[in-house]
Amino acid sequence: MGARTPLPTRFDPRPVESRWYTAWLEAGLFHARVEDPRPPWSVVIPPPNVTGSLHLGHALNNTLQDVLARHRRLQGFNVCWMPGTDHAGIATQVVVERELAKEGKTRHELGREAFVDRVWEWKARSGARIVEQLQALGCSCDWERERFTMDPGLSRAVREVFVRLHGEGLIYRDAFLVNWCPRCSTVLSDLEAPHRPSPGRLYTIRYPFVDGDDAIEIATTRPETLLGDTAVAVHPEDERYARHVGRTLRLPLLDREIPLVADAFVDREFGSGAVKVTPGHDPNDFECGRRLGLPIVNILNPDGTLNENAGPYAGLTVSEARGRVVADLETRGLLLGSREHPHEVPHCDRCDTVVEPLVSEQWFMRMEPLARPALEAVRDGRTTFHPRQWEKTYFHWLENVRPWVISRQLWWGHRIPAWRCTACERWTVAVEDPSACIHCGEAELEQDADVLDTWFSSALWPFSTFGWPDATPELELFYPTSVLSTAHDIIFFWVARMMMMGLHFMYDVPFRDVYIHPLIRDAEGKKMSKSRGNVIDPLEVMSAHGTDALRYTLVSLSAQGRDIKLGESQLEGGRAFVTKLWNAARFALMNLEADTAGQAGGAAGLYDRWIRHRMDVALAETHAALDAYRFNDAAAALYRFVWGELCDWYIELAKLALQGDEPRARLATQAQLREVLAGALVALHPIMPFVTEEIFQALPGRDGDFLMRQGYPKPGAPLSDAEAAEMDALVEVVACIRRVRGELGVPAGAKVQATLPTAAGTLAARHGAAIRSLCQVGELRVADTAPSATAAVASAAGFSVQVELADPSFLRDEVRRLEKTLGRLEKDLGFVIRKLENPKFVARAKPEVVDAEREKRARLDDEAERVRERLERLRRAVGGAS
RNA sequence: AGGCACGUAGCUCAGUGGGAGAGCACCACCUUGACACGGUGGGGGUCGGCGGUUCAAUCCCGCCCGUGCCUACCA
């Protein structure tokens with residue numbers, strides 16, 4: 001009987017994946033139309049760097065977004081997943097500069113125009129690669145809408161935002177202390193200059209007073225910066241120095257005269273309590289200098305060498321200068337000592353060069369006016385973080401936000417729409433290239449050579465991609481987006497800035513939910529890094545185990561509030577699940593007749609209704625989990641349903657009817673098997689799109705469309721309590737007989753004879769075949785006779801189950817088994833009795849809890865008594881040999 | 001220095017105010033017509049430590065220890 005399965009014995013993922021992905025694209029399954037009347041659901045991809053290649057972080061984040069997008073499509077939403085890539089200004093420029101360096105060239109030799117052309121070439125090549133990799137992962141992005149941050153449309157949005165914010169006074173030009181990367185020769189934002197621990201020395205230096213023989217001692221880790229000192233500061237309430245404040249000191253080496261000043265920022269406990277003040281090269285000193293009106297001396301050139309202000313040290317690098325300054329101080333007897341002093345030093349995020357703080361004129365953005373609405377929107381719940389704890393991180397940053405340096409001295413990026421008049425030197429800021437200075441009317445204008453921080457355009461992504469500043473139907477429909485999924489390390493860089501810009505320009509939050517996904521570490525919990533050599537390449541995993549296996553594994557490990565430790569065994573688990581589904585489907589297909597549609601089967605039996613019900617429960621659990629971004633719970637619910645219920649119980653039970661000779665029952669079971677398998681495929685499709693589609697397309701009687709257009713099955717009739725209890729009893733009795741067999745070492749193939757009491761007569765009558773088949777019972781009797789001398793006895797579902805042992809040698813094992821059972825019962829009983837004998841428990845616990853304990857006590861008492869009796873009789877039979 | 005997580009079976013992790021679960025690993029038996037990437041059964045945990053709240057704490061609270069991450073100008 002049954003048609004031959006069209007599914008091969010083994011699932012070969014690769015050809016299946018590319019075949020279906022192409023088919024989905026051709027069918028336009030991922031494209032959202034604005035005319036679609038269904039409710040919208042949208043998400044924008046965190047645009048990967050154009051120079052990038054798919055790593056596990058991408059694989060995770062995009063799998064999770066794809067799960068959500070496919071899930072919402074199946075729920076009937078008009079889903080738009082906006083894809084695209086980021087020009088990643090400094091990162092990309094650094095990469096292309098490295099390419100050039102291999103050819104022995106620098107960008108300066110090429111010139112700006114040729115260099116930018118070169119980056120565009122690079123972009124064309126590697127931008128396509130990351131898109132292909134996302135497609136290989138199965139991402140159901142609306143590729144017809146793909147965007148790039150330097151597309152003309154998005155560039156126009158960037159200019160528009162710059163000009164408007166400038167007009168509102170939120171973008172301004174200022175000379176301020178900034179982070180400067182000497183290698184990249186550009187300013188960096190605080191976020192782009194992370195502090196890294198570095199070895200260092202703390203030097204103690206003597207600064208003599210001009211008007212006396214005395215001197216003051218200061219401590220510094222950067223002795224070379226004394227060349228830029230314009231004061232020495234002490235705490236105003238430090239009585240040691242109070243009488244000296246106002247005196248003049250002679251700056252060592254340069255012999256400049258500098259004042260001794262008082263400022264509360266000085267820590268009296270540190271070193272001597274006096275600190276050199278270098279407003280040009282230290283954030284604290286800069287602030288102090290501003291407060292006290294101290295002059296600023298910049299001693300650095302843009303390339304990190306010392307300039308003419310450093311006198312005899314001009315031309316040296318910072319580290320050369322440090323050595324020379326220390327040596328010269330020593331020669332003059334001004335160096336009092338030094339000791340090791342590890343500290344945190346800012347490094348360039350992209351090239352790891354030590355960042356120099358210096359004062360530079362740049363474009364800045366005022367953040368507080370933008371931050372306030374962004375804070376408010378999360379506080380009042382217009383946007384919610386998942387897990388919630390990340391809101392604290394968001395609040396902390398926005399509450400302490402500082403002006404953002406948005407100009408970069410790079411060539412790759414959005415050119416700043418500001419022109420300086422050669423005549424009056426003032427700035428003209430405009431969306432369209434101006435032909436004359438708006439201040440003096442002079443026509444000689446020079447556009448600012450700088451570009452904008454990459455994150456400036458990223459901040460606009462949720463609306464620039466939908467056509468802003470035009471009022472497009474896409475914006476109307478898909479903004480605000482439903483969710484943003486990203487990693488926590490990007491909350492400041494991106495999430496907060498999108499919130500600010502979205503609220504400012506769209507008057508609404510950019511997304512309702514922010515899902516912060518876990519970070520992936522290696523099996524030992526270490527961060528993956530190329531230098532450590534512990535990187536798992538998702539593409540390799542996909543070709544070794546299949547994309548569905550990778551996706552399932554990642555989803556199943558995405559618990560809230562914890563990083564993912566990923567190793568081979570986790571991936572094997574994912575693959576095993578894919579295989580299990582595949583094999584279950586093969587079984588079903590072997591047993592489904594092609595044309596059952598027209599034939600009248602019998603009514604669905606209990607097993608059919610039960611599995612249908614379990615499917616409804618699993619779907620409900622999965623959807624509740626996805627609503628709460630509890631991806632691991634969604635995966636677990638489906639795993640338990642497919643493996644633990646569908647495969648372990650339903651398929652085994654269904655074999656009775658499928659392989660029986662009752663045509664109506666067979667047809668009914670076939671119909672249910674088909675329906676439940678199809679339901680499982682739909683339910684799993686968001687997580688494992690490829691294998692589910694492959695199986696679905698092989699099902700007989702499908703309507704020819706894609707799985708994603710099926711929609712989730714509507715819940716069937718609920719199972720009555722009586723039916724549920726009946727199934728539970730069956731499962732318990734089967735498990736009980738299996739356990740007895742297992743514990744007594746009855747060979748797996750050997751048939752046993754079992755007896756159920758007449759109280760279980762209905763169960764035996766209805767499910768005798770199942771019990772016989774599932775636990776190798778040859779004969780199932782119903783009788784209330786006392787157990788024979790050679791029977792094992794156990795209780796299940798309130799019944800006493802007897803298993804007749806063909807071989808009396810098992811009786812010794814039975815004695816041991818019963819002793820163990822009795823031990824457990826007595827231990828449990830002890831707990832219950834202690835509880836019930838505690839008057840406070842009886843008085844104060846909820847009545848239903850007390851009742852439950854009383855019932856439990858009665859049940860345990862009863863069972864223990866039966867086991868004791870049985871044990872006694874057995875011991876006599878065995879003759880005390882144990 | 002501050003903040004935020006985490007600490008549950010050998011490993012990776014779920015979980016709940018009423019004596020704790022999964023996967024992998026382990027042990028035993030089983031190549032039964034979907035599946036050895038499998039089936040059935042089993043062993044294994046004073047739920048980091050100490051206090052507190054409660055009739056009852058693995059769960060709530062406090063402190064401590066350990067681990068990780070983030071923020072911070074200690075020269």
Side-chain angles (χ1 to χ4, degrees), chain A residues 5 7 9-11 194-195 202-203 218-222 225 233 265-267 269-271 274-278 282-288 341 343-344 357 387 389-390 392-393 396-397 400 488-489 491-492 519 521 523 525 527 545 549 556-557 559 561-570 572-591 630 632-633 636 639-640 644 647-648 651-652 655 659 735 738-749 773-776 827-828 830-832 835 838-846 849-850 852-853 856:
Chain A
T5 171
L7 294 180
T9 314
R10 277 172 187 278
F11 173 56
H195 288 61
L202 186 68
Y203 300 88
I218 61 91
T220 180
T221 53
R222 307 189 56 202
T225 61
F265 92 97
V266 180
D267 177 0
E269 309 300 317
F270 190 90
V275 60
K276 61 196 267 321
V277 182
T278 321
D282 181 276
N284 277 321
D285 297 2
F286 180 76
E287 295 292 338
C288 172
H341 185 79
H343 58 153
E344 300 271 322
Q389 75 217 33
W390 292 111
K392 288 182 187 165
T393 306
H396 180 258
W397 190 71
N400 297 287
H488 70 79
D489 55 358
I491 291 174
F492 308 145
L519 292 181
R521 301 171 174 279
K527 213 167 181 169
H545 299 285
S556 70
L557 296 175
R562 202 193 272 262
D563 290 347
I564 295 176
K565 287 189 198 176
L566 186 69
E568 192 56 27
S569 77
Q570 278 84 2
E572 280 165 9
R575 188 183 53 171
F577 186 45
V578 172
T579 306
K580 188 71 179 178
L581 178 70
W582 181 258
N583 283 314
R586 285 180 57 234
F587 171 81
L589 285 162
M590 280 185 228
N591 286 280
R630 303 178 62 94
N632 59 318
D633 286 348
Y639 183 97
R640 191 174 34 69
C647 292
D648 288 351
I651 285 183
E652 293 307 316
K655 283 175 182 172
Q659 291 158 11
R738 282 172 171 171
R739 197 179 320 118
V740 168
R741 294 178 54 115
E743 287 177 346
L744 297 183
V746 176
S773 144
L774 291 184
C775 38
Q776 297 288 340
K827 191 177 143 213
D828 288 352
F831 284 121
V832 177
K835 217 183 263 190
N838 178 352
K840 285 182 179 171
F841 171 73
V842 181
R844 299 204 195 172
K846 278 175 284 187
V849 173
V850 179
E853 291 297 318
K856 193 171 169 188

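Just so it is clear: chains get the letters A, B, ... in the order the sequence lines come, proteins before strands, and each one is counted from 1. Here the structure is a predicted model, which is why all the values come from computation and not from measurement.
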Among B:C37, B:C74, B:U12, which nucleotide has an atom closest to any side-chain atom of A:Phe270? B:C74

Considering every strand and a 4.0 Å limit on heavy-atom distances, what is the contact class for A:Thr220: base, sugar-phosphate, or nothing? sugar-phosphate

Among B:A34, B:G18, B:C37, which is the nearest nucleotide to the side chain of A:Met590? B:A34

Using a cut-off of strictly less than 4.0 Å, decide whether A:His341 has a side-chain nitrogen or oxygen near OP1 or OP2 of B:A75. yes

Which part of the nucleic acid, if any, lies within reach of A:Glu568 when heavy atoms closer than 4.0 Å are counted: base, sugar-phosphate only, or nothing? nothing

Parallel, tilted or perpendicular: rings of A:Phe577 and A:Tyr639 (30°, 60°): tilted

By the 4.0 Å heavy-atom rule, please label A:Arg738 as base, sugar-phosphate, or nothing. sugar-phosphate

Test for a donor-acceptor pair under 3.5 Å between the base of B:A75 and the side chain of A:Glu269, counting only N and O atoms. no

Checking contacts here: which listed nucleotide (B:A75, B:U71, B:A34) is nearest the side-chain heavy atoms of A:Cys647? B:A34

Of the nucleotides B:G18, B:G42, B:U40, which one has an atom closest to the side chain of A:Glu743? B:G42

Looking at A:Glu572 and A:Arg575, does any basic side-chain N land under 4.0 Å from a carboxylate oxygen? no

Phosphate OP1/OP2 of B:A34 contacted by A:Lys655 side-chain N/O (<4.0 Å): yes

Mutual orientation of the aromatic rings belonging to A:Phe11 and A:Trp582 [parallel < 30°, tilted 30-60°, perpendicular > 60°]: tilted

When rounded to whole Å, the CG to P distance for the pair A:Asn632 and B:G15 reads 7 Å

Nucleotide nearest A:Asp648 (side chain, heavy atoms from C-beta), chosen from B:G39, B:A75, B:C69: B:G39

For the P atoms, the ones on B:C60 and on B:C4, what distance do you get once it is rounded to whole angstrom? 16 Å

Is it true that a side-chain atom of A:Arg521 and a backbone atom of A:Leu566 form a donor plus acceptor pair closer than 3.5 Å? no

The side chain of A:Ala845 lies closest to which of these nucleotides: B:G18, B:C69, B:U71? B:G18

Expressed as a whole number of Å, how far does the C1' atom of B:U32 sit from that of B:U58? 43 Å

Of the listed nucleotides (B:A75, B:G19, B:A34), which one gets closest to any side-chain atom of A:Lys580? B:A34

Could you state the atom-to-atom distance from CG of A:Leu202 to C1' of B:C73 in whole Å? 15 Å

Rounded to whole Å, how long is the line connecting atom CD of A:Glu572 with atom P of B:C37? 10 Å

When you get a sec, tell me which of B:U71, B:C37, B:A75 is the closest nucleotide to the side chain of A:Phe492? B:U71

Within the modelled atom types, does a donor on one side and an acceptor on the other bring the side chain of A:Ser569 and the base of B:C24 under 3.5 Å apart? no

With heavy atoms under 4.0 Å as the rule, sort A:Asp563 into base, sugar-phosphate or nothing. sugar-phosphate

Identify the heavy atoms of A:Lys276 and A:Asp285 that sit nearest to each other, and give their distance. O-OD2, 3.3 Å

Phosphate OP1/OP2 of B:C13 contacted by A:Lys565 side-chain N/O (<4.0 Å): yes

Reckon A:Arg739 has a side-chain N or O less than 4.0 Å from the OP1 or OP2 of B:U40? no

To the nearest angstrom, the CG-C1' distance between A:Leu557 and B:U12 comes to 8 Å

A:Ala748 side chain, from C-beta outward: closest of B:G19, B:A75, B:C30: B:C30

So, is A:Arg630 near the phosphate of B:G15, with a side-chain N or O under 4.0 Å from OP1 or OP2? yes

Of the candidate nucleotides B:U71, B:A75, B:C73, which contains the atom at the shortest distance from the side chain of A:His396? B:U71

At their closest point, which heavy atom of A:Leu202 faces which heavy atom of A:Thr221, and how far apart are they? CD1-CG2, 3.8 Å

